[in-house]
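What follows is a single structure, written as structure tokens, with notes after it.
What's counted below: heavy atoms across the whole structure, side chains too, no hydrogens, waters or symmetry copies. Letters go in sequence order (proteins before strands), and every chain restarts at 1.
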There are 2 protein chains.
Amino acid sequence: MKKEKSRVTSYNVAKLAGVSRSAVSRAFTPNASVSLKTREKVNIAAKKLGYHPNVMARSLITKKTQLIGLLMADWENPFYASTLKKYSEKLQKENYQTVLATINENSDINTSIEFLMQYQVDGIIMLSALPSKDLVRKCNQKHTPIVLVGNSSKELNTCTVNIDHNAIGENLAALALNLGYRRFVMIRGDKNIESGIQRTESFSKVIEKKEEGKILANLTDILGHDEGRNAMADIIKIDPELVICSSDLTALGVIDGARIDYNLEIPRDMAVIGFGDNPISSWGMNRLTTVQLPHEKLIDESISCLIRRINNPELPPKNIELLSDIITRDTTRKLMQ
Amino acid sequence: MKKEKSRVTSYNVAKLAGVSRSAVSRAFTPNASVSLKTREKVNIAAKKLGYHPNVMARSLITKKTQLIGLLMADWENPFYASTLKKYSEKLQKENYQTVLATINENSDINTSIEFLMQYQVDGIIMLSALPSKDLVRKCNQKHTPIVLVGNSSKELNTCTVNIDHNAIGENLAALALNLGYRRFVMIRGDKNIESGIQRTESFSKVIEKKEEGKILANLTDILGHDEGRNAMADIIKIDPELVICSSDLTALGVIDGARIDYNLEIPRDMAVIGFGDNPISSWGMNRLTTVQLPHEKLIDESISCLIRRINNPELPPKNIELLSDIITRDTTRKLMQ
DNA sequence: CTGAAAGCGCTTACAG
DNA sequence: CTGAAAGCGCTTACAG
């Protein structure tokens, strides 16, 4: 069987340094009441033995693990790699480590959350467009702070950091009308995702109010390049002036379909707007007009919300809404002056 | 200050179930010697109280945390999001949780590794093209199993799972010559990364041996779409028949540069081969000929290597080399029959 | 500033 | 199969 790992404990360090285990503990606690001399003795001994405090044992006492659970549901998002990286780095800077948990068909949200709970994470960041009342209830019950990122349901009694999708819908409508477009097709993925619903509704509200333009079709369950390209078979029959997609990848697919399969010129024959400002979207022939999300801010706000909540559980939860910009490139016509 | 979390402990469950804490512990240990009746009583009480064993306390005794550290250095790789997801899911299936650690300019490898060590991770998976002898030495010293993924240095006394880059270089050369190309330009990123060196060397060895063809230039420190596109300014002067890139993104940039900035037709005027088979590479006009890496296998092998090592530390480390396929699409000419 | 002692929540020989 | 007891490695009042 497994050979026993011979761990270096505070006892060993204490003995070598000629002090008590309390002193060793204090030497590793910032601002603890230890003399500089003791601290130095301990540090030398610790270095010699390769000692690091056992966080597990510590957390048993302090009831803090310095562990943050990162729950991610929507892995299709092409930004997730860099998002993950940034979370991990920024949390590390705040002295937290990141425990990753995945949600998918096989492992449901309950399993994941229970895993995280067993590890006594100090808090949870949930990245998902899906609502999760059960999750929030469970966390509140266990007094584990959680912040919901990118989930647009506001009634929940917890911290949320969101993109203001209503504003996006309105801005999109204003821009579209301004550019002279009147016949629209909207495309999005999962039809139940709140953010897409909000954008679509606020878009159409503006259009109705101004009594200009018309949404010819509202296509759903279309996500990603290939589905976008395939969707052109339907779109071509509808013949819109502008196609607005819920993802840059979908938009790029639509453009490929339009150009390659139907020989359209973009934006002359048809304009396209994406969502997300994927790095790809500015490449070569793509030059996609799209919505640029405040990723960095989303991350920063969610981390600071969570940490604030961890340190002051009695504070009321914050609900933050972030604004986005529209980047105008070459898949929509230029504004006439 | 922080309100005390009122934790449910095994003591509470024991009391409610009318058994000892030992019994509670056993009820949560698979194959422990408990009667079915006791186990059921415990389960009912646990459910009623919302009890989950505290993994931190458990790990103090068992010396196993069921935590795996995932160290990632090369975040440019566009596959990292899905790689991360798969690791997390597969480890979860094996009853491990993933702790993420990042390496970058700010947080060096030592800081990250010490973080992981403090959390007493049972093992570490290091995803990086960079060599890391120090890391391996440190892990061996602490008896923490580590497997190096995608790092081609073989002498290290640890488990490694790699792509066989020599084979790729040879296959690339054979294909290139077969297709009738003779004048090559090679492009890669960081010139010190072993995998790129190996591919380049084995490629040129084949060419020299066959006394056919010539590498006109070996460009380094070029990575990603934009740098690839810019590199066309130099490439156009060299006028190669085939450009071989160390990344699909670079290749796509070269193609954009060739088409848009220099009006070349691909592959008629110049052929391009990428590396990695990024999903983008099969899209629309891209249709990139590229090297398809065995991602899934890389992940599976590294996990099983690590778990084997965790369970049997005395076993000698394995060094696994995986083979890759070349996907021929439309950025190279077709083979004449 | 310092150390002895208690205790965090768990598991595991041990004895029955 | 079961429970009392010891102990994992740490921190933190407490008394000095």
Exercise. Atom CD1 of A:I68 and atom CD of A:Q92: how far apart are they, to the nearest 0.5 Å?
Worked result: 12.5 Å
For this session: Using atom CZ of B:R58 as one end and atom C1' of D:dG9 as the other, report the distance to the nearest whole Å.
Result: 18 Å
For this session: Side chain of A:S25 only, please: which of D:dT12, C:dC1, D:dT2 is the nearest?
Result: D:dT12
For this session: Would you kindly give the NZ-to-C1' distance between B:K41 and D:dC1, to the nearest whole Å?
Result: 11 Å
Exercise. Can you find a heavy atom in the side chain of A:I113 that is under 4.5 Å from one in the side chain of A:L71?
Worked result: yes
Exercise. Mapping B:L36 and A:V55 to their closest nucleotides on DNA chain D, which lands nearer the 5' end?
Worked result: B:L36
Problem set entry | Between C1' of D:dA5 and CD1 of B:I61, the distance in whole Å | 12 Å
Problem set entry | Between C:dA4 (P) and A:R26 (CZ): distance, integer Å | 11 Å
Problem set entry | Ionic contact status for A:E114 with A:K138, cut-off 4.0 Å | yes
Problem set entry | Of the listed nucleotides C:dT2, D:dT11, D:dA5, the one nearest the side chain of B:S22 | D:dA5
Problem set entry | Between D:dG3 (C1') and B:R39 (CZ): distance, integer Å | 17 Å
For this session: Determine the contact category for B:T9: base if any of its heavy atoms lies under 4.0 Å from a base atom, sugar-phosphate if only primed atoms, P, OP1 or OP2 are that close, otherwise nothing.
Result: sugar-phosphate
For this session: Ignoring backbone atoms, establish whether A:S20 has a side-chain N or O less than 4.0 Å from OP1 or OP2 of C:dG3.
Result: yes
For this session: Rounded to the nearest angstrom, tell me the gap between atom CD in A:Q120 and atom P in C:dG9.
Result: 9 Å
Problem set entry | Any B:Y51 side-chain nitrogen or oxygen under 4.0 Å from OP1 or OP2 of C:dC10 | yes
For this session: Check whether any side-chain nitrogen or oxygen of B:K63 sits under 4.0 Å from OP1 or OP2 of D:dG9, and answer yes or no.
Result: yes
For this session: May I ask you to say what B:F28 touches in the nucleic acid, namely base, sugar-phosphate or nothing, with a heavy-atom cut-off under 4.0 Å?
Result: nothing
Exercise. Given atom CE of B:M56 and atom C1' of C:dG7, what is their separation to the nearest angstrom?
Worked result: 18 Å
Problem set entry | Paired nucleotide for C:dA4 [Watson-Crick or G-U wobble; both distances under 3.5 Å] | none
Exercise. Given D:dC10, is OP1 or OP2 found less than 4.0 Å from the side-chain N or O atoms of A:S10?
Worked result: yes
For this session: Could you tell me which nucleotide pairs with C:dA13 by Watson-Crick or G-U wobble geometry, both distances under 3.5 Å, or answer none if nothing does?
Result: none
Exercise. Using atom C1' of each nucleotide, how far apart are D:dG16 and D:dT12 to the nearest Å?
Worked result: 16 Å
For this session: Tell me what A:S59 touches on the nucleic acid: a base, only sugar-phosphate, or nothing, going by heavy atoms under 4.0 Å.
Result: nothing
Exercise. NA contact type, A:S35, heavy-atom cut-off 4.0 Å: base, sugar-phosphate, or nothing?
Worked result: sugar-phosphate
For this session: Could you check A:T62 against B:R21 and say which one's nearest nucleotide on DNA chain D is further toward the 5' end?
Result: B:R21
Problem set entry | Reported CD-to-CD distance for the pair B:Q66 and A:Q118, which is rounded to 0.5 angstrom | 10.5 Å
Seminar exercise, completed: The side chain to side chain contact (heavy atoms under 4.5 Å, CB included) partner of B:V161 among B:V147, B:D300, B:I125, B:L127 is B:V147
Exercise. Run the side chain to side chain contact (heavy atoms under 4.5 Å, CB included) check on B:C139 and B:T158 step by step: do they pass?
Worked result: CA-CA 10 Å; B:C139 286; B:T158 190; over 6 Å; no
Seminar exercise, completed: Whole-Å distance, A:K15 NZ to D:dG9 P, equals 14 Å
